[in-house]
Amino acid sequence: MKKIFICLLSLVIFGGANAQSEVSIHSSMNKVKLDFTLDASGRPSYKVFFGDKPVINNSYLGIKLANDTALDKNFALTGSEKTTVDETWQPVWGEVKNIRNHYEQVVIHLKQKSATGRLMNIIFRVFEDGVGFRYEFPNQPNLKYFVVSDELTEFALTGDNKTFWIPGDYDSNEYSYTTSKISEIDASVLAKSATDIAVRFVPDKYGIQTPLMMKTTDGLYLNIHEAALVDYTSMQLHADINTFKLTANLVADGVGNKAYMHAPCSTPWRTIIVSDKAADILSSKMILNLNEPSKIENTSWIKPMKFVGIWLEMQTGKSTWNYADRADTLDAKGQLIPNGKHGANTANVKRYIDFAAANNIGGVLVEGWDVGWEDWFGNWKENVFDFVTPYPDFDVKQIEDYATSKGVHMIMHNETSGSATNYERQMDTAYRFMNKYGYTSVKTGYVGKIVPRGEHHDGQWMVQHYVRVAQKAAQYHVMLDAHEPVRPTGLQRTYPNWMASEAGRGNEYNLFSTGNHPDHETIMPFTRLMGGPMDYTPGIFKIKGYAPGDPERQVHTTLAKQLALYITLYSPLQMAADMPDNYEKRMDAFQFIKDVAVDWDDTKIVEAEPGEYVTVARKEKGAANWYIGAITNQNGRNAIIPLDFLDKGTKYAITIYADADDADWKKNPEAYKITKYYVNAGTKLNIKLANGGGAAISIKPATEADKGLKLYK
Ligand code: NOJ
Ligand code: CA
């Protein structure tokens with residue numbers, strides 16, 4: 001139900017009848033307060049408070065245009081409206097069943113005091129957990145087609161905040177997080193030392209990425225990001241390390257412009273989420289609420305699921321994506337010469353289908369099935385793949401029939417190698433092929449420098465491209481998981497077939513590089529995942545032994561922590577990333593992956609501190625079962641979990657998949673123990689997490705089979 005209240009604005013005008021007077025407008029929602037000011041020079045600015053504490057000091061707003069005067073000052077206020085909205089909506093899938101969208105909106109109408117009289121509105125929405133605002137450019141005679149050369153939006157921090165940041169890279173989010181004060185930010189060091197696969201371009205030494213998580217010197221938790229990035233370039237931030245002022249730093253295109261606009265239009269929302277509790281940042285739905293409702297009417301075909309894939313074996317060198325070693329050496333018949341290590345062969349695919357069918361896993365991803373992999377990486381080529389021609393050892397029809405007979409969905413892989421133009425030309429053909437052969441989901445990828453040449457992964461052209469792909473996939477009833485796109489901004493509300501993105505440093509870095517520091521997964525929920533689900537690829541059971549001779553090369557978690565990630569890193573498409581062989585050695589632990597849900601009626605953030613620990617409990621959609629994940633960084637700790645969210649009067653059976661007493665992410669990562677008890681709503685769990693460890697827990701209403709269990713104490 002939607003309730004809207006409109007009321008007149010209270011304007012505080014200083015300086016009497018003078019036209020140059022300062023104007024202030026206030027809005028608040030519970031503890032969050034916004035002050036908007038238009039100063040005597042007609043320059044707009046805002047401040048944000050949490051209770052009595054300022055969290056954003058006076059910060060100027062404005063847009064700079066290419067070949068035109070800036071829209072940043074000399075404005076007059078021509079009017080304003082306040083509206084209150086209080087509605088509840090249901091996502092197609094997600095962390096909770098119902099989402100409350102409750103805010104006060106303040107629309108500020110500005111007109112420049114010049115001959116052209118250009119109009120710009122600033123729209124604020126004040127929620128109980130933060131503030132969103134955007135620039136809107138109404139239909140008008142003197143501002144129609146325009147080019148944004150810079151956005152002047154500021155976020156003046158109140159002190160030298162503790163910050164969890166990655167470099168402001170125009171092409172990649174695949175970095176480890178640095179935890180430092182604002183005054184210690186230096187992105188150039190990280191960008192230079194990077195040796196990984198992603199394309200990197202970090203033009204600003206003080207450039208950092210959003211979602212940016214901070215803890216203020218007052219102990220408040222503060223998160224800055226954006227929502228509804230649809231037809232604009234993405235916003236990174238430039239940090240002034242002396243004044244602690246952050247300024248919008250928009251990703252440029254090939255000729256140095258930022259965004260091409262056509263009024264009426266608006267920018268994405270800039271978001272500031274704030275609380276005195278870290279858990280509230282994780283449960284905030286503000287970014288989703290700032291996105292448009294679903295544009296897909298019939299969503300019955302969108303179904304969250306778990307999947308396995310012919311994937312880790314390539315990441316670890318056991319098999320290859322490519323069928324031959326060389327594209328330019330052919331046999332006498334002009335055919336590629338097989339290297340004998342090709343992963344995507346029909347027999348191997350069937351092995352994964354069998355494993356999925358036997359273990360409650362809905363899908364099978366196969367990478368390296370289509371011709372082109374001999375020549376895909378690093379060549380900045382326009383045409384690498386056609387997305388419909390399988391290698392000779394991949395029998396697409398036989399695989400479809402086999403998967404159908406086993407009730408398993410095939411997941412398509414479309415690696416574009418960064419050539420978005422090629423993908424756009426082939427998209428209809430590619431999606432028709434998916435429909436023909438029963439593929440219900442696609443994983444896309446953008447490894448490589450972008451074509452159109454000069455564009456960046458996070459610029460306006462590519463932002464539009466990712467949205468076009470989601471729309472095209474929806475047209476063909478295909479679910480989407482995008483790797484290497486711009487980081488998400490809540491568009492899964494508008495395109496609920498856009499299930500997940502990678503857009504961050506995934507678990508795969510634990511396989512082919514020096515890895516992810518043990519605090520990585522305790523930071524990700526506060527940063528990368530604020531905008532939407534991540535295909536992090538959890539569930540790696542074989543922790544060590546990937547690079548003989550290099551003992552540092554290991555997964556930087558315990559095995560139990562890999563299980564906990566199914567809960568702490570939410571995705572409705574959740575991979576069981578390891579190979580069947582490795583799971584079959586530990587089917588008792590795999591039982592958690594087999595059982596765990598991927599769609600939820602409710603979520604409780606039990607305890608959380610960025611960089612330290614995260615404990616989350618979730619209730620399975622349409623069922624009485626709960627699943628809990630608890631993780632810690634390099635330091636062991638005890639997770640204290642009161643089960644007060646369980647139904648009173650119901651007896652539950654609990655299975656705890658915990659680190660063994662002597663587990664340690666470095667010394668003994670694969671040691672776990674599984675225990676079972678009765679619990680009820682009065683139970684308080686106390687679970688030891690090893691250094692770099694975690695615990696996964698399933699809780700189900702008790703049945704006859706649980707008769708022998710003891711009560712947890
Ligand atoms: C990078 C992706 O993140 C990874 O999951 C995929 O296997 C490779 N690209 C190949 O497309
Ligand atoms: Ca990647």
Side-chain angles (χ1 to χ4, degrees), residues 166 169 171-176 194-200 209 307-323 341-344 348 352 363-379 381 384-385 387 391 411-420 422-423 430 441-450 456-458 462 466 469 480-488 499-516 520 524 528-529 533-540 546 555 569 571 573-579:
I166 57 173
D169 190 320
D171 282 292
S172 177
N173 293 264
E174 298 187 4
Y175 285 92
S176 289
T195 53
D196 306 311
I197 59 161
V199 178
R200 291 174 189 259
Q209 183 56 280
F307 65 101
V308 287
I310 300 190
W311 176 82
L312 182 137
E313 49 183 273
M314 283 88 92
Q315 298 287 352
T316 54
K318 184 184 173 223
S319 64
T320 59
W321 282 275
N322 40 302
Y323 172 78
K341 283 182 73 183
H342 183 223
N348 199 25
Y352 280 76
V364 173
L365 165 76
V366 183
E367 296 198 0
W369 68 277
D370 54 341
V371 298
W373 287 88
E374 288 74 19
D375 198 19
W376 75 288
F377 185 56
N379 297 328
K381 277 178 64 175
V384 178
F385 298 104
F387 312 102
Y391 280 124
I411 301 179
M412 172 53 69
H413 186 227
N414 284 173
E415 172 57 67
T416 69
S417 69
S419 181
N422 179 40
Y423 195 43
S441 316
V442 62
K443 169 178 170 179
T444 56
Y446 298 87
V447 174
K449 287 204 265 183
I450 295 296
H456 294 287
H457 284 71
D458 292 3
M462 286 303 289
Y466 306 125
V469 174
L480 173 65
D481 168 17
H483 275 232
E484 298 88 29
V486 67
R487 76 283 183 275
M499 313 296 279
S501 295
E502 183 194 41
R505 191 172 168 103
N507 216 7
E508 64 188 41
Y509 276 81
N510 275 319
L511 300 171
F512 62 65
S513 79
T514 49
N516 300 338
H520 190 64
M524 292 301 257
R528 160 65 187 79
L529 276 94
M534 177 169 185
D535 182 17
Y536 188 71
T537 70
I540 299 176
Y546 289 111
V555 177
L569 292 174
S571 179
L573 271 188
Q574 196 71 286
M575 189 174 196
D578 214 330
M579 295 184 290

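If you're wondering where the values come from, they're calculated on a predicted model, not measured in any experiment. Counting starts at 1 for both ligands and their atoms, following the listed order.
Remark: at the Ca ion (ligand 2), atom OE2 from Glu502 and atom OE2 from Glu484 enclose 130°, rounded to the nearest 10 degrees.
Shown in contact with Gln315 at under 4.0 Å from a heavy atom are these atoms of ligand 1, numbered in order with element: 4 (C), 5 (O), 6 (C), 7 (O). Residue-ligand proximity, Glu502 to ligand 1, at heavy-atom distances under 4.0 Å covers atoms 3 (O). Short contacts between ligand 1 and His413, defined as distances under 4.0 Å to a heavy atom of the residue, involve ligand atoms 11 (O). Close contacts between ligand 1 and Trp321 involve ligand atoms 7 (O), 10 (C) [criterion: under 4.0 Å to a heavy atom]. The contact set between ligand 1 and Val447, taken as ligand atoms under 4.0 Å from a residue heavy atom, comprises 1 (C), 9 (N).
With hydrogens and angles disregarded, no donor-acceptor distance shorter than 3.5 Å links the side chain of Asp535 to the backbone of Glu502. A donor-acceptor pair is defined here as one N or O able to donate and one able to accept, closer than 3.5 Å; no such pair exists between the side chain of His483 and the backbone of Glu415. At least one donor-acceptor pair closer than 3.5 Å links the side chain of His457 to the backbone N or O of Tyr446. Side-chain atoms of Glu374 come within 3.5 Å of backbone atoms of Tyr323 as a donor-acceptor pair (strictly under, hydrogens ignored). Listed for the Lys341 side chain is a donor-acceptor partner under 3.5 Å among the backbone atoms of Gly317.
Taking a 4.0 Å cut-off on heavy atoms, Met314 fails to register as neighbouring ligand 1. The shortest heavy-atom distance from Trp373 to ligand 1 is under 4.0 Å.
Taking the ring centroids of Trp373 and Tyr391, they lie at or beyond the 6.0 Å cut-off.
Among the atoms of Glu367, some N or O lies under 3.5 angstrom from an N or O of ligand 1. Checked against a 3.5 angstrom limit, the closest N/O atoms of Glu174 and ligand 1 fall outside it.
Both the sub-6.0 Å distance and the 45° axial angle are not jointly satisfied by Arg528 relative to the ring of Tyr536.
With sequence neighbours excluded, the residues satisfying side chain to side chain contact (heavy atoms under 4.5 Å, CB included) with Ala344 are His342, Val366, Trp369, Phe394.
Between the choices Glu484, Arg505, Lys443, the shortest heavy-atom distance to atom 5 (O) of ligand 1 belongs to Lys443.
Taking the Ca ion (ligand 2) as reference, the nearest N/O/S atom within Glu174 carries the name OE2.
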